[in-house]
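Data first, discussion second: the structure below is written as structure tokens.
First the proteins, then the strands, lettered A, B, ... as listed; each starts at 1. What you see is a predicted model, and the numbers here were worked out from it, not measured in a lab.
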Number of protein chains: 2
Amino acid sequence: MARTKEFDPDAALQAALELFWRRGYEATTMANLVDHLGIGRASIYATFGNKHALYLKALDRYAETGNPRLLGELSRPGPALPAVRAVVRRFAAEAASEEERLTGCFVTNTAAELAPHDDSAARRVEVSWEHLETLLHSALVRAQAQGELADDRDPRSLARMLLVLTQGLRVVGKASSDPARVRDAAEEALTLLD
Amino acid sequence: MARTKEFDPDAALQAALELFWRRGYEATTMANLVDHLGIGRASIYATFGNKHALYLKALDRYAETGNPRLLGELSRPGPALPAVRAVVRRFAAEAASEEERLTGCFVTNTAAELAPHDDSAARRVEVSWEHLETLLHSALVRAQAQGELADDRDPRSLARMLLVLTQGLRVVGKASSDPARVRDAAEEALTLLD
DNA sequence: CTGATAACGGACCGCACATTCCAAAATAAG
DNA sequence: CTTATTTTGGAATGTGCGGTCCGTTATCAG
């Protein structure tokens, strides 16, 4: 009946995610997207709506595919505390890397750039954080049940503290040149789990 | 010899700071600045250079005048730990407030929005963080000397951890609606000082 | 093969932005 | 008072943006 699409919408969305992730919302122009996705302007609009809608779709995709392996460790049976430590250390390592300077966490970036004046973006950020906090919380509860964590510790506030810390790591990593700073901060926070 | 300025450059800079602080760099237009400062476009350019230079001057002003009273407590003689706790709690309270959603910490905002692709802004952010870390560090060293903090704790990594945490508080506060989250996170982190 | 349909690329549009220009106004020195 | 000098507000400029339009091209049903 009609001509078929010449590009893979899924791959295009992934490419858009990469670009938004690296440069942010405002700094990414439609011309950049046309170049990077390798498809025509009109096709982008026909497929994804407008720039804002495309950004939200990219954010959704990031949230869905965002490191399922690492976070999966948090809910795997067995010792829970090592998984929590691994997640925090991973955040710190990424925050300290040179590459981080240019990318960071897409959710953190969205929180800082869009959340204050964009409700639909803020909602998604909130969902992501809620998700991570819940994952950390249940891992800590499990750790407590398994005797890895003292009974007098509060898993809820520990999870919140780790969540806030990870977001801080990403922000500090964006402008701080000294990798030791984020590493020290993470290790110090992890002593709360001893 | 010539006509005198009709406005106070210092007050104008303060007004520019307020605007940049509330809306960020990109979202603030020169037209907004003209309205808010109450002076003409040409006068702004003649006095401050261009938009970017004005932002940097506003950032410098923020760093100079940024809450000297609160941070001054950190170096005042007497018990040091209560001052550290007060600073962290202040950060948390501001991050949890409704107003925070719209302002946040100007340095944190700059780190997230400009630092990745603006070296001169990144340098100033780095200086501010270095300053806060140093203040916290020397307060903790003093606390240790005065027997308020156990000798086996490391003031350097504690200071770094608190610095990263405060930045995380500001970012999370920007998009998270639950004030308890940042409050719990801060209190949990402060138990590291017990 | 044929025609209806949808995707394609690139030209195009209106707008908003940062920056500059200019004529009028106001000041201070002589 | 006169004149040189600077400020001032508003108009003008040029650029780059997000979004749309349209002629062309490819696909599929019959």
Side-chain angles (χ1 to χ4, degrees), chain A residues 1-60 109-110 113-114 116-121, chain B residues 1-60 109-110 113-114 116-121:
Chain A
M1 194 113 129
R3 186 174 170 178
T4 57
K5 270 189 162 64
E6 286 181 3
F7 67 95
D8 177 8
D10 225 50
L13 183 56
Q14 185 64 36
L17 168 57
E18 284 166 15
L19 208 54
F20 279 132
W21 192 351
R22 181 146 33 91
R23 328 228 312 212
Y25 181 77
E26 293 290 349
T28 301
T29 73
M30 290 304 295
N32 295 148
L33 288 164
V34 170
D35 290 348
H36 197 70
L37 305 209
I39 64 182
R41 245 180 156 72
S43 302
I44 297 180
Y45 279 90
T47 310
F48 301 106
N50 57 19
K51 184 186 177 182
H52 189 248
L54 175 56
Y55 186 91
L56 292 183
K57 284 184 169 60
L59 183 53
D60 285 339
N109 299 352
T110 302
E113 183 181 2
L114 294 185
H117 51 270
D118 183 335
D119 286 343
S120 47
Chain B
M1 199 114 125
R3 185 172 169 177
T4 59
K5 268 190 163 63
E6 285 183 4
F7 67 95
D8 176 9
D10 226 51
L13 183 56
Q14 185 64 35
L17 168 57
E18 284 165 15
L19 209 55
F20 279 132
W21 193 352
R22 179 146 34 91
R23 329 231 312 213
Y25 181 77
E26 294 291 349
T28 301
T29 73
M30 290 305 293
N32 295 148
L33 288 164
V34 169
D35 290 347
H36 197 71
L37 306 208
I39 64 182
R41 252 179 155 72
S43 302
I44 297 180
Y45 278 90
T47 309
F48 301 107
N50 57 20
K51 183 185 178 183
H52 188 250
L54 174 56
Y55 186 91
L56 292 183
K57 284 184 171 56
L59 184 53
D60 286 338
N109 298 353
T110 302
E113 183 181 2
L114 294 185
H117 51 269
D118 183 334
D119 286 344
S120 48

**Item:** Test applied, side-chain hydrogen bond (donor to acceptor under 3.5 Å, both in side chains); reference residue, B/Asn32; option that passes from B/Thr29, B/Thr28, B/Asp35
**Value:** B/Thr29
**Item:** Degree of bending, the helix from C/dC1-D/dG30 to C/dG30-D/dC1 (end axes from five pairs; round to 10°)
**Value:** 0°
How close or far is atom [atom2] of [N] from atom [atom1] of [X], stated in whole angstroms?
X: B/Leu37; N: D/dT8; atom1: CG; atom2: C1'; answer: 14 Å
X: B/His52; N: C/dT19; atom1: NE2; atom2: P; answer: 10 Å
X: B/Asp8; N: D/dT7; atom1: CG; atom2: P; answer: 15 Å

**Prompt:** Can you name the nearest heavy-atom pair linking B/Ser120 to B/Leu56, along with the distance?
**Reply:** OG-CD1, 3.7 Å
**Request:** Take the angle between the ring planes of A/Tyr25 and A/Phe20 and call it parallel below 30°, perpendicular above 60°, tilted in between.
**Result:** parallel
**Message:** Could you measure the distance from the CG atom of B/Asp60 to the NZ atom of B/Lys57? Nearest 0.5 Å is fine.
**Reply:** 8.5 Å
**Message:** Within this structure, what is the CG-CG distance for the pair A/Leu54 and A/Leu59, rounded to the nearest 0.5 Å?
**Reply:** 11.0 Å
**Prompt:** Of all of residues 38-51 of chain B, which get a heavy atom below 4.0 angstrom from DNA chain D, listed by number?
**Reply:** B/Ile39, B/Gly40, B/Arg41, B/Ala42, B/Ser43
**Fill in**
DNA chain D nearest-nucleotide lookup for B/Phe7 and A/Met30: closer to the 5′ end is B/Phe7
**Request:** Decide yes or no on side-chain contact (heavy atoms from CB on, under 4.5 Å) for A/Leu13 and A/Leu37, but give the supporting numbers first.
**Result:** CA-CA 8 Å; A/Leu13 183 56; A/Leu37 305 209; over 6 Å; no
